[in-house]
Amino acid sequence: MPERDEGRGMSRRRILGIGGALGVVAATGLSVSAALARRPSTTGAELHSAVPLPPPFQVPLPVPAVLRPVGPGRYAITQRETIAEILPGVPTRLWTYDGTFPGPTIETRRGRPVTVTHRNELPVPTVVHLHGGHTPAGSDGYPTDLVLPNGWPGGAMHMGHGGHDPRAVVTELTRDYTYSLDQRPALLWYHDHRMDFTAPAIWRGLAGMQIVRDDAEDDLGLPAGARELPLMIADRAFAADGSLAYPSVDPTLRDRPGVTEAYAAGVLGDVILVNGAPWPVHEADAARYRLRILNASNARHYELEAVTDDGRRLDLVQIGADQGLLTAPVTHRLLPLAPAERFDVIIDFAGVPTGGRVRLRNRLGTGRTRDVMAFRIARATTDDSRVPPTLGTDLPAWQRPDAATVRDFSFRAGRMDGERGWLIGGLPFDPARADVTTSLGDVEVWRLVADVHHPVHLHLTGFRVLSRGGGPPLPHDAGLKDTISLRPGESAEIITRFDGYRGRFLFHCHNAEHEDMGMMANLEII
Ligand code: C2O
Ligand code: CU
Ligand code: CU
């Protein structure tokens, strides 16, 4: 396989189409039919915990605390180490936002800007990105816009293979991130985005949720209060000393990025956490719940089903995607969930007898990773919530002919700095290169093609899926997305509009290991 068979410029924008898709698959050494038929359920290698794991459905589901403002529209978060008991009786050192994993949930309203001051008391530089946020470039968490901890040697020069980035805005100890929140109501999440070291930083605990709401959504009558649950799903593994296992080349995360060769396709854990608890259980009313599901795993994909103890599968009624409400609900029995995707789902426990149980299971898991969490139905109740047939009314109506530009990007394995890497259009990430330059307000169609699983994410903007594998989008592609799950050998087309802010943004694969190993590119809006 040639190290790079697509250059810059012309060939980069070459229409890949089916021929390109075949070429990419052929280059990975799989035949197309084998790739499509087998469609392996995972891309990555699983770590095995060296401590005894608890039985499932014993630990109560935690719900992250809602962060209190320190002033009108102002929040403060300290990034610091803490020791937490994730597995019962096992102390685990974490890197956290404000001492908890997940970090505190930030509750916000559409169109009301907030500023979050982050203070870095961790031993390494950090960067905060609000995933799904419609955010000015200066607050978007560009990977070289580091917040240095006290006493970091060499300052901004010290940051891995990207070298010195003259455009980086590096601060010491603290940084204010200002979010305009001029966007549709949605579940967003904030996480670390440091160049070359994002995957291990998220793994150690640097992830939290942020919710944007508005009056129109509040008025729909959806399940609310205790019947609305944010669920951050993430897999982890534990070393013999109780610490989080992770195959970093340099476990200090100071100098050398990357993971050991065996894990280059992605790191999977053998423990499934929901809101930081292993295979938790939640006591629920026999009523409708709104589950706001986020896959915060580095590389693990899920295919969720909700199963009662007598073997019935409950409907998962999707009301929202990454970027907010669908126009109308979509009913799923199986819900595929790639890293960084969010699904807003209504589940109705009304038919489940008191004392009964509903398990959320992952059809792509094996052994212990088949279980995710359970609901124990504790009481019969009244339910005045509803799922209206019309949900969001403000979805963008971009059509193919609106597109000023059509671009093509391949996502696949390659070499970076002489080692295994992951490339977009044949190139590893370079902060100095503008991969896409586009004009503010332009509509574009992007054609994406993958060798293995690549959940592709765009900063700043939401998009709609136009096609998948040459056919229509799948049911779970509905609505406004910011992350699309490309499966092995698959191509897809998305349409978007680069709206709101000029400056330097990103698009990348959200398999966090791929992202650290080159699979990221610049999006320059002029
Ligand atoms: Cu979840 Cu570049 O982000
Ligand atoms: Cu993002
Ligand atoms: Cu990838």
Side-chain angles (χ1 to χ4, degrees), residues 24 28 40 42-44 102-103 127-137 139-145 177 179 183 186-199 201-203 206-210 232 234 259 263-268 294-301 322-323 338-342 409-414 416 420-425 428-429 431 448-463 481-490 492 496 501 504-523:
V24 166
T28 65
T42 51
T43 291
V127 179
V128 183
H129 169 59
L130 178 61
H131 181 125
H134 189 241
T135 304
S139 286
D140 195 48
Y142 193 82
T144 52
D145 288 351
Y177 293 89
Y179 303 114
Q183 60 185 99
L187 172 66
L188 315 180
W189 63 302
Y190 58 100
H191 61 74
D192 196 63
H193 218 303
R194 174 187 169 206
M195 175 105 176
D196 298 335
F197 294 97
T198 293
I202 294 176
W203 187 270
L206 292 180
M209 294 179 276
Q210 178 163 334
M232 178 193 281
V259 291
Y263 295 90
V267 178
L268 310 171
L294 156 67
N295 181 1
S297 308
N298 282 21
R300 184 177 290 280
H301 287 246
D322 303 332
Q323 287 284 318
E341 281 190 303
R342 286 92 70 211
F409 299 100
S410 64
F411 290 78
R412 64 164 195 257
M416 177 179 78
R420 270 190 77 169
W422 296 94
L423 312 178
I424 300 178
F429 181 57
L448 315 170
V449 62
D451 57 355
V452 294
H453 288 96
H454 296 295
V456 176
H457 167 54
L458 269 65
H459 283 217
L460 183 70
T461 179
F463 55 78
K481 304 274 298 163
D482 58 45
T483 306
I484 175 174
S485 173
L486 299 176
R487 296 172 300 178
E490 196 171 53
T496 189
Y501 305 107
R504 184 167 65 157
F505 297 92
L506 291 167
F507 63 103
H508 59 89
C509 177
H510 221 292
N511 173 314
E513 282 77 30
H514 295 189
E515 175 182 343
D516 279 350
M517 296 169 68
M519 199 167 255
M520 188 152 65
N522 288 301
L523 166 61

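Positions are given from 1, in the same order as the sequence printed here. Order of listing sets the numbers, starting from 1, for every ligand and every atom in it.
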Excluding sequence neighbours, so at least two apart, what forms ring-ring contact (aromatic ring centres under 6.0 Å, His included) with His134? Tyr501
Looking at His454, His453, His510, which hits ring pair (Phe, Tyr, Trp, His ring centres under 6.0 Å) with Trp422?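 Of His454, His453, His510, ring pair (Phe, Tyr, Trp, His ring centres under 6.0 Å) with Trp422 is met by His454 alone.
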State which residues pass side chain to side chain donor-acceptor pair (under 3.5 Å) with Tyr263; sequence neighbours excluded, sorted by chain then number.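 Listed in chain order: nothing, the list is empty.
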Using the ring centroid of each side chain, check whether Phe507 and Phe409 are separated by less than 6.0 Å.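 Yes: the rings meet the under 6.0 Å criterion.
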Go through Asn522 and Tyr142 one step at a time and tell me if the side-chain hydrogen bond (donor to acceptor under 3.5 Å, both in side chains) criterion holds. CA-CA 10 Å; Asn522 288 301; Tyr142 193 82; 2.5 Å; yes
Any side-chain heavy-atom pair from [X] and [Y] closer than 4.5 angstrom?
{"X": "Leu188", "Y": "Tyr179", "value": "no"}
{"X": "Pro339", "Y": "His457", "value": "no"}
{"X": "Leu506", "Y": "His129", "value": "no"}

Under 4.0 Å between a side-chain nitrogen and a carboxylate oxygen: does that hold for Asp140 and Arg504?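 Answer for the salt bridge query: no.
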For a distance under 2.8 Å, give residue and atom name for each protein N, O or S atom next to atom 2 (Cu) of ligand 1. His193 NE2, His459 NE2, His508 NE2
Protein N, O or S atoms lying under 2.8 Å from the Cu ion (ligand 2), listed by chain and number: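 You should have found His129 NE2, His457 NE2.
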